[in-house]
Amino acid sequence: MSRYEPALIEAKWQAAWDEALAFKATRDPGKPKYYVLEMFPYPSGRIHMGHVRNYTMGDVVARYKQAQGFSVLHPMGWDAFGMPAENAAMERGGHPKDWTYGNIADMRAQMKPLGLSIDWSRELATCDPEYYGQQQAMFLDMMEAGLVYRKAAQVNWDPVDMTVLANEQVIDGKGWRSGAAVERRELTQWFFKISEFSGELLTALDGLKDWPEKVRLMQANWIGQSTGLQFGFETVGAPAGFDRLEVYTTRPDTLMGASFAGISPDHPMAKALSGDPAVEAFLAKCRLGGTTAEALETAEKIGFDTGVRVKHPLDPSWELPVYIANFILMDYGTGAIFGCPAHDARDFEFATKYGLAIKSVFVAEGQAEAPLTEPFVPMKSEKVNYIRGFAGDNLQTGEAAIAAAVTAAEAKGFGKGVTNYRLRDWGVSRQRYWGCPIPVVHCDACGVVPEDKKNLPVELPYDVSFDRPGNPLDRHPTWRDCACPKCGAPAKRETDTMDTFVDSSWYYARFTAPRATTPTVADEAEYWMNVDQYIGGIEHAILHLLYSRFFARAMHKTGHLPAKAIEPFNALFTQGMVTHEIYKTTDANGRPVYHLPEDILRTEEGATLKDGTKVEVIPSAKMSKSKKNVVDPMNIIASYGADTARWFVLSDSPPERDVEWTASGADAAYKYLSRVWALCARIGEMPVDHQGEGDADLLRAMHKAIAEVTQGIDGFAFNKAIAKLYEFTNTISRASASTSAMKEAIRTLAKLMSPMTPHIAESIWTYQGGAGLCVKAPWPVVDPAMLVEDKVTLPIQINGKRRAEVTVPADMPASEVEKLVLAQEDVIKFLAGQPVKKLIVVPGRIVNVVV
RNA sequence: GCGGGCGUGGCGGAAUGGUAGACGCGACAGACUCAAACUCUGUUUCCGCAAGGAGUGUCGGUUCGAGUCCGACCGCCCGCACCA
């Protein structure tokens with residue numbers, strides 16, 4: 001056996017696996033299946049360490065499950081639509097399609113050397129017409145099922161680029177590219193009716209036992225269920241058709257503290273009033289600024305007294321003014337509220353500004369009513385004294401008062417208890433070229449008409465230009481022209497494309513039948529779904545995962561997925577990032593200059609450039625190109641091999657936490673693999689019939705390692721599995737057992753290492769006479785008998801402090817142990833004649849003597 | 001503001017309520033070498049020559065026994081945030 005040369009063995013074994021079709025997923029009804037999926041990458045053109053960590057974790061699971069006899073599906077694809085391709089076309093010329101497919105080829109070439117157990121025959125890109133055509137088919141099915149609709153919605157409009165911007169693209173109220181002040185504009189957009197599933201998406205979270213608690217919580221908060229009272233005010237002086245004003249409140253118990261009613265600037269009544277120039281001016285003022293959270297947060301609360309009045313439901317002689325207020329959201333509740341300044345911070349601010357009454361409904365227990373200088377908002381679980389309550393006791397909690405108020409309102413017939421959700425319908429229209437075209441047609445006679453399924457895919461035209469702002473589809477001379485599928489008259493295609501989150505909301509299902517001429521195939525979906533283990537970043541905790549959960553339900557409703565797949569991901573694991581130190585110097589103008597890790601020399605006190613310049617070392621942060629704290633996986637593979645990179649990203653830190661990439665850590669991983677290699681060579685050179693000592697001990701250690709590594713992988717504790725492998729390696733290394741025992745031990749080590757470092761494992765396996773390919777070999781089985789020790793060493797505590805120990809046969813009865821313990825010299829010394837009050841023997845664990 | 005998580009050696013981190021610090025990095029010592037690197041062996045929580053003592057953010061509680069459970073506080077991190 002020669003030197004450890006990763007470059008040689010890695011290429012060799014990858015070819016051997018390909019030849020053996022080792023990772024081809026086949027539907028085998030005789031075997032249990034296991035579907036492991038990592039979140040597919042955006043084809044930026046370069047893989048980074050985060051990808052390496054993500055895909056290595058998935059690979060460990062996939063290889064381990066394969067060894068355990070599962071029929072494994074482990075596919076890979078590309079989340080290939082999106083803005084960067086268009087930006088590249090605008091900045092550097094070229095075509096988004098060419099750019100994207102070129103990047104895919106590059107990234108695939110970078111991924112292959114990692115030796116991932118991927119079934120590449122199932123590879124797909126969301127920009128393949130074969131993929132998005134099926135997505136269009138589902139869009140039409142969902143339209144028919146009433147899950148898709150059009151409505152006018154507020155968007156961030158960039159007046160220079162003439163396009164809609166996502167909230168993330170609005171920076172300080174300006175378009176990120178043009179720098180122009182962003183306007184709010186109302187556009188007719190396509191929506192998925194995710195809100196139809198709000199309640200179900202919330203309650204079903206409880207069933208996702210193998211999801212991180214954190215993600216479930218984040219989703220629950222995002223869906224944002226609230227219960228409260230909806231009721232109608234009778235209006236006075238309102239425009240025609242607005243005899244009543246429906247409002248929603250979660251605090252109906254504060255109704256007697258109301259001092260105004262408010263409506264959203266987008267409320268129909270506001271629109272009805274906009275004939276008044278003063279109203280119109282106010283509405284225009286509200287439209288300034290973006291729709292982002294920041295924009296809204298920093299916006300001043302402004303209101304406009306419409307002159308309309310409403311009658312208080314409990315006292316018709318009491319009239320409240322109706323304001324249009326910019327902080328009221330149209331798409332939550334009814335878009336209208338009543339304000340109770342005494343017990344709501346926002347209403348308090350508003351009332352103070354516009355000189356409205358601030359009337360307490362309740363006061364702290366034992367306190368008298370006094371003018372408020374700030375709103376009084378106690379916990380709902382706290383008991384307070386209701387001085388202007390209208391239902392329930394005087395002294396009660398907010399919760400009880402709310403329930404009593406709802407009951408009373410229903411009894412009096414002026415309102416009803418309702419449940420509301422924060423979750424909005426999902427706007428999917430994007431005025432962009434590089435996305436999945438929305439397959440509908442606009443006909444002068446028939447209106448909005450779904451495209452005929454036989455005309456799918458509605459394919460993106462290639463001959464487009466990006467030399468002008470806006471959506472190239474809008475100005476393409478012929479692409480828009482088509483015949484109305486209904487009446488045959490000349491019509492125009494929809495030019496909006498879908499949000500790229502749509503593409504990633506069902507790719508997991510498509511992988512079960514990636515070449516089918518329907519979105520899915522029932523048999524395949526039935527066999528392969530659900531994803532047993534999904535792995536990806538926490539940054540997708542809400543949107544991607546929630547949309548996928550919605551989409552699976554919608555696919556079930558339209559007949560594309562079985563009922564069991566409405567929660568598509570059985571288990572979710574969110575892995576941490578790969579981080580690195582940042583190296584900074586400052587240029588002559590005081591601006592920071594960052595340096596790549598490979599240009600840095602570490603010294604005792606810190607770090608310098610190669611010319612000796614001192615460098616500031618900033619603690620580890622996410623690898624980012626702008627901070628230059630990146631390590632290119634390709635460089636690591638070139639100098640150490642893929643196995644080292646894989647081993648490193650799994651060791652040290654628990655998978656859910658960030659791991660810091662360090663040169664010394666990479667060295668350590670490489671050294672370890674070299675040591676295993678050398679150990680393998682040493683065992684190979686032992687005389688075949690060599691009889692050593694301690695075979696039984698070595699084999700016991702082997703079974704312990706099998707048990708512990710298995711447990712580590714099962715529990716997603718790869719760092720612990722790796723620690724146990726180090727331990728077992730050291731044990732073999734020190735052993736002087738017989739050749740046959742040593743061979744068995746190192747073959748087992750190879751198999752246990754194989755999910756993490758498959759190439760070196762394969763070499764060792766073959767060299768030590770393992771049958772066939774290591775990748776096809778079954779996972780080692782623990783012999784429980786080998787885990788039982790015949791003797792145990794029990795620590796002896798005296799009053800909880802460890803003072804001595806005693807070695808006894810494992811099956812010695814507690815009473816015998818007690819006698820032995822009390823006869824111990826050290827124990828007698830420590831007791832110094834004091835009487836023993838209590839003696840606790842935990843068999844196989846510990847002894848505690850209490851005096 | 002609301003919700004959640006986490007505090008253990010010089011560092012990353014182990015520890016079903018049962019010997020705190022597994023494993024790795026780093027450091028130190030030794031072997032090999034003319035020397036260095038590599039490699040190998042050993043030491044490495046702190047105080048102490050030792051015997052021994054102290055120790056898991058702080059304070060208190062439960063328990064024979066607490067890093068682990070409970071309460072309060074301090075610090076750090078994350079998510080959401082005008083949601084009526």
Side-chain angles (χ1 to χ4, degrees), chain A residues 212-222 224-226 228-230 247-252 254 261-262 264 293-294 296-301 325-329 331-340 343-347 349-350 377 379 420-424 538-539 541-542 579 602 604 620 647-648 651-654 656-660 662-669 671-672 674-675 678 708 717 719-730 733-734 793-805 837-851:
Chain A
E213 185 60 36
K214 184 185 169 82
V215 174
R216 286 155 53 187
L217 252 158
M218 282 165 72
Q219 291 217 350
N221 289 339
W222 187 260
Q225 188 181 63
S226 74
L229 181 74
Q230 187 176 320
V247 299
Y248 171 72
T249 177
T250 57
R251 291 310 296 262
T254 64
S264 164
E294 295 94 324
L296 291 171
E297 195 168 350
T298 50
E300 194 192 351
K301 286 184 187 27
N326 64 338
F327 63 87
I328 301 170
L329 307 168
D331 46 9
Y332 187 78
T334 60
I337 62 160
F338 81 82
C340 174
H343 305 297
D344 182 280
R346 202 182 30 210
D347 295 348
E349 188 187 330
F350 192 81
V377 191
M379 302 273 282
N420 258 314
Y421 298 93
R422 238 185 48 136
L423 184 65
R424 311 288 155 77
I538 186 81
E539 67 272 21
I542 298 175
T579 65
R602 293 305 315 235
E604 299 252 318
S620 220
W647 186 261
F648 181 85
S651 58
D652 283 357
S653 291
E656 68 275 15
R657 239 181 274 181
D658 292 350
V659 65
E660 184 183 30
T662 60
S664 59
D667 274 338
K671 278 184 204 169
Y672 168 73
S674 304
R675 213 160 68 230
E708 289 173 337
N719 58 323
K720 287 188 239 171
I722 281 178
K724 298 303 177 188
L725 287 166
Y726 270 110
E727 232 171 75
F728 183 42
T729 305
N730 292 338
S733 185
R734 291 196 189 101
T793 299
L794 301 177
I796 300 172
Q797 295 183 330
I798 293 171
N799 286 341
K801 296 260 179 219
R802 186 180 177 281
R803 297 299 185 188
E805 59 182 40
K837 279 194 201 142
K838 208 169 181 182
L839 189 57
I840 291 145
V841 177
V842 183
R845 277 285 180 195
I846 205 166
V847 179
N848 196 5
V849 185
V850 186
V851 294

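Chain A is the first sequence line, chain B the second, and so forth, proteins listed ahead of strands; every chain is numbered from 1. Here the structure is a predicted model, which is why all the values come from computation and not from measurement. Worth knowing before you read on, the calculation uses all heavy atoms, side chains too, and leaves out hydrogens, waters and symmetry mates.
Under the ring-ring contact (aromatic ring centres under 6.0 Å, His included) criterion, A/Tyr332 pairs with no residue, sequence neighbours left out. A/Gln225 pairs by the side-chain hydrogen bond (donor to acceptor under 3.5 Å, both in side chains) definition with A/Tyr421, not counting sequence neighbours. With sequence neighbours excluded, no residue forms a salt bridge (charged side-chain N to carboxylate O under 4.0 Å, His left out) with A/Glu660. Considering only residues two or more places apart in sequence or on other chains, A/Glu805 meets the salt bridge (charged side-chain N to carboxylate O under 4.0 Å, His left out) condition with A/Arg802. Shown here are the side-chain hydrogen bond (donor to acceptor under 3.5 Å, both in side chains) partners of A/Arg675, two or more places apart in sequence or in another chain: there are none. Applying the side-chain contact (heavy atoms from CB on, under 4.5 Å) rule to A/Pro843 yields no partners; only residues at least two apart in sequence or on another chain are considered. A/Arg424 is linked by a salt bridge (charged side-chain N to carboxylate O under 4.0 Å, His left out) to A/Asp331, counting only residues two or more places apart in sequence or in another chain.
Nucleic acid contact for A/Ser226: sugar-phosphate only, since backbone atoms but no base atoms lie under 4.0 Å from a heavy atom of the residue. A/Lys837 comes within 4.0 angstrom of nothing in the nucleic acid, heavy atoms only. Among the atoms of the strands shown, only primed sugar atoms or phosphate atoms (P, OP1, OP2) are found under 4.0 Å from some heavy atom of A/Ser664. Backbone-only engagement by A/Tyr726 is indicated by non-hydrogen atom pairs under 4.0 Å involving sugar-phosphate atoms exclusively. As judged by a 4.0 angstrom heavy-atom cut-off over every strand, A/Arg424 is placed among the base-contacting residues. Using a 4.0 Å heavy-atom distance criterion, A/Asp667 is classed as making no nucleic acid contact.
On the C1' atoms, B/A20 is 26 Å away from B/A72, given to the nearest whole Å. Across B/A66 and B/C2, the matching C1' atoms stand 32 Å from one another, rounded to whole Å. Separation of the P atoms belonging to B/G57 and B/G10 is 13 Å when rounded to the nearest angstrom. Comparing B/U63 with B/G17, their C1' atoms are spaced 9 Å from each other, to the whole Å. Between the C1' atoms of B/U45 and B/G9, the separation comes to 5 Å (whole Å). If you take atom C1' in B/U16 and the same atom in B/U68, they sit 11 Å apart, rounded to whole Å. The C1' atoms of B/C46 and B/G55 are separated by 8 Å, rounded to the nearest whole Å. B/U33 and B/U19 have their C1' atoms separated by 42 Å, with the value rounded to a whole Å.
Here A/Asn221 contributes atom CG and A/Leu423 contributes atom CG; the two are 12.5 Å apart, rounded to the nearest 0.5 Å. Between A/Tyr672 atom OH and A/Asn730 atom CG the span is 8.0 Å, to the nearest 0.5 Å. Going from atom CG of A/Asp344 over to atom CZ of A/Phe338 covers 9.5 Å, rounded to the nearest 0.5 Å. With rounding to the nearest 0.5 Å, the separation of NZ in A/Lys301 from CZ in A/Phe350 is 10.0 Å. Note that OG of A/Ser653 is 8.0 Å distant from CZ of A/Phe648, once rounded to the nearest 0.5 Å.
Within the structure, side-chain hydrogen bond (donor to acceptor under 3.5 Å, both in side chains) pairs that include any residue of residues 838-851 of chain A do not occur (at least two apart or interchain).
Syn is the conformation of B/G9, whose glycosidic angle sits no further than 90° from 0.
Residue A/Ala668 places its side chain closer to B/C25 than to any other of B/C25, B/G3, B/A84. Proximity note for A/Glu727 (side chain, C-beta onward) versus B/G18, B/A84, B/A22: the nearest is B/A22. If you check B/A81, B/U39, B/A14 against the side chain of A/Lys671, the one that comes closest is B/U39. For A/Trp222, counting side-chain heavy atoms from C-beta on, the closest listed nucleotide (B/C23, B/G24, B/C80) is B/C80. For A/Arg803, counting side-chain heavy atoms from C-beta on, the closest listed nucleotide (B/A84, B/G53, B/A81) is B/G53.
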Contact letters for nucleotides 40-45 of chain B, in which S counts primed atoms plus P, OP1 and OP2 and B counts the base, heavy atoms under 4.0 Å: S-----
Footprint string (nucleotides 63-70 of chain B, 5' to 3'): B base within contact, S backbone only, - free, heavy atoms under 4.0 Å: -BS-----
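Side-chain atoms of A/Tyr248 and A/Ser226 form a donor-acceptor pair, as typed in the model, at a separation below 3.5 Å.
Taking 4.0 angstrom as the limit, A/Asn730 places a side-chain polar atom (N or O) nearer than this to OP1 or OP2 of B/G24. For A/Arg657 and B/G13, the shortest distance from a side-chain N or O to OP1 or OP2 is below 4.0 Å.
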Worked check of side-chain contact (heavy atoms from CB on, under 4.5 Å) between A/Asn799 and A/Val850: CA-CA 5 Å; A/Asn799 286 341; A/Val850 186; 3.7 Å; yes
Can you pull every protein N or O that's under 3.5 Å from an N or O on nucleotides 76-79 of chain B?
from, atom 1, to, atom 2, distance (Å)
B/C78, O2', A/Lys214, NZ, 3.2

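Atom CD of A/Glu656 is separated from atom P of B/C6 by 11 Å (rounded to the nearest Å).
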Intra- and inter-strand pairs of RNA chain B in dot-bracket (Watson-Crick or G-U wobble, both distances under 3.5 Å; | for another strand): (((((((..(((.....[....)))((((((.......))))))(((....)))..(((((..]....))))))))))))....
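Here the shortest heavy-atom pairing between A/Val377 and A/Ala345 reads CG2-N, 4.5 Å.
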